[in-house]
Number of protein chains: 2
Amino acid sequence: MVVLEHFLPYRLNVLASLTSNALAQIYAERFGLSIPAWRVIATLGQYEYRTARDIAAHGVMHKSTVSRAVSALEQRGLIARRPNEDDRREELLQLTEEGREIYEALAPEALAFEERFISVLTEEEQRVLASLIDRLSGHARQMAPEGEAEG
Amino acid sequence: MVVLEHFLPYRLNVLASLTSNALAQIYAERFGLSIPAWRVIATLGQYEYRTARDIAAHGVMHKSTVSRAVSALEQRGLIARRPNEDDRREELLQLTEEGREIYEALAPEALAFEERFISVLTEEEQRVLASLIDRLSGHARQMAPEGEAEG
DNA sequence: AAAATTTTGTTGCTGATGCAACTAATAGGA
DNA sequence: TCCTATTAGTTGCATCAGCAACAAAATTTT
């Protein structure tokens with residue numbers, strides 16, 4: 001018999017949703033950003049220039065999700081696109097000044113949230129958790145090669 | 001700076017999505033069930049009689065999600081509703097014979113998937129992971145009291 | 001060099017989700 | 001008892017996700 005409360009995929013989903021929703025509230029209420037938008041901004045904050053394709057891979061999102069998030073962010077003036085002259089299929093994306101300001105306001109809050117969230121665990125437990133997640137993710141990717149994750 | 005690959009909420013989401021998608025494929029392709037539908041069936045498989053409200057709480061789903069899943073399952077003849085004579089706002093739900101057959105075919109597959117999925121970890125690591133997830137979930141619930149999780 | 005294939009990114013469509021408003025039933029208070 | 005508040009469940013609405021089809025550009029094959 002499957003006891004839902006003990007079923008690992010279920011529990012992972014519940015935990016991920018709890019944290020995701022709590023975080024999304026910060027993104028949305030304070031900065032009007034969706035989770036995909038946040039991932040785009042976080043990627044560009046980290047790497048300066050990236051293409052939509054890179055961002056999708058980095059943020060584990062579907063390319064259409066990224067495309068729409070990028071459009072919205074561009075309209076809001078938070079990121080800028082510039083065609084790549086060497087390969088005109090691609091566009092290089094980067095944060096505008098305003099985009100970077102938002103990133104720099106948001107990043108510490110995201111990290112503070114993570115810190116608060118994970119503070120029930122000891123440092124050692126945090127390391128163990130990170131390692132277990134890594135191994136499970138690697139294994140899960142092998143089990144189901146294709147596919148992007150939620151946004 | 002937020003390094004997405006190291007950011008715990010992000011990593012939890014990716015892992016949960018990976019497992020969820022892989023599992024959902026089994027539910028969907030083999031039995032035509034969505035995740036909410038699976039949770040309803042799993043709950044009724046476990047408890048026999050339940051109200052929609054119980055199922056929502058047990059499966060951490062929004063009541064509208066449960067309502068629609070229940071309607072669909074009823075139409076397919078997998079569950080039956082019976083008004084509670086003592087409180088006619090409620091309806092008691094239970095699996096039909098066909099519903100139970102599906103549950104009994106699906107449950108072992110779900111458990112086998114879980115087993116395969118978690119088999120990269122030792123028994124001891126599995127226990128540790130379960131405990132860490134429990135503590136984090138409990139803590140996350142305190143941080144953001146309201147709210148249901150994905151379906 | 002022409003044709004076929006692959007790749008980047010966009011968009012129409014469909015289905016799912018959560019919120020909020022609603023109905024019906026019950027419980028509680030004056 | 002009547003009036004209000006709460007609760008179970010449904011449904012309209014807006015949003016959002018992913019798929020698949022597509023256009024444009026680059027790459028590979030012959």
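Just so it is clear: chains get the letters A, B, ... in the order the sequence lines come, proteins before strands, and each one is counted from 1. Everything numeric in this text was worked out from a predicted model, so none of it was measured.
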[X] [atom1] to [N] [atom2]: how many Å, rounded?
{"X": "A:Arg50", "N": "C:dT8", "atom1": "CZ", "atom2": "P", "value": "14 Å"}
{"X": "B:Tyr27", "N": "C:dG15", "atom1": "OH", "atom2": "C1'", "value": "19 Å"}
{"X": "A:Gln75", "N": "C:dT10", "atom1": "CD", "atom2": "C1'", "value": "14 Å"}
{"X": "A:Asp86", "N": "C:dT8", "atom1": "CG", "atom2": "P", "value": "15 Å"}
{"X": "A:Asn13", "N": "C:dA16", "atom1": "CG", "atom2": "C1'", "value": "15 Å"}
{"X": "A:Ile35", "N": "D:dG18", "atom1": "CD1", "atom2": "P", "value": "11 Å"}
{"X": "A:Arg82", "N": "C:dG9", "atom1": "CZ", "atom2": "P", "value": "14 Å"}
{"X": "B:Asn84", "N": "C:dA24", "atom1": "CG", "atom2": "C1'", "value": "14 Å"}

### Message
Test of understanding: with side-chain hydrogen bond (donor to acceptor under 3.5 Å, both in side chains), list the residues that count as partners of B:Arg135, not counting sequence neighbours.
### Response
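side-chain hydrogen bond (donor to acceptor under 3.5 Å, both in side chains) check on B:Arg135 returns A:Glu125.
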### Message
Quick check: on DNA chain D, is the nucleotide nearest A:Glu85 upstream (toward 5') of the one nearest A:Ser34, or the reverse? Name the residue that is more 5'.
### Response
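The residue closer to the strand's 5' end, by nearest nucleotide, is A:Ser34.
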So, the side chain of [X] versus the backbone of [Y]: is there a donor-acceptor pair under 3.5 Å, distance only?
{"X": "A:Ser71", "Y": "A:Ser67", "value": "yes"}
{"X": "B:Thr96", "Y": "B:Leu78", "value": "yes"}
{"X": "A:Gln126", "Y": "A:Leu121", "value": "yes"}

### Message
Which label fits A:Tyr47 and A:His58: parallel for a plane angle under 30°, tilted from 30 to 60°, or perpendicular past 60°?
### Response
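Plane angle over 60°, so perpendicular.
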Can you name the atoms? Protein N/O to nucleotides 3-11 of chain D N/O, anything below 3.5 Å, with the distance.
from, atom 1, to, atom 2, distance (Å)
D:dT7, O4', B:Arg89, NH1, 3.4
D:dT7, O2, B:Arg89, NH1, 3.0
D:dA8, OP1, B:Arg53, NE, 2.8
D:dA8, OP2, B:Arg53, NE, 3.2
D:dG9, OP1, B:Ala52, N, 3.4
D:dG9, OP1, B:Glu91, N, 3.3
D:dG9, OP2, B:Arg53, N, 2.5
D:dG9, N7, B:Lys63, NZ, 3.1
D:dG9, O6, B:Lys63, NZ, 2.9
D:dT10, OP1, B:Arg81, NH2, 2.3
D:dT10, OP2, B:Ser67, OG, 2.6
D:dT10, O5', B:Ser67, OG, 3.4

### Query
How far apart are the closest heavy atoms of B:Arg50 and B:Asp54, and which atoms are they?
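Distance-wise, the nearest heavy atoms are CD-CB, 3.7 Å.
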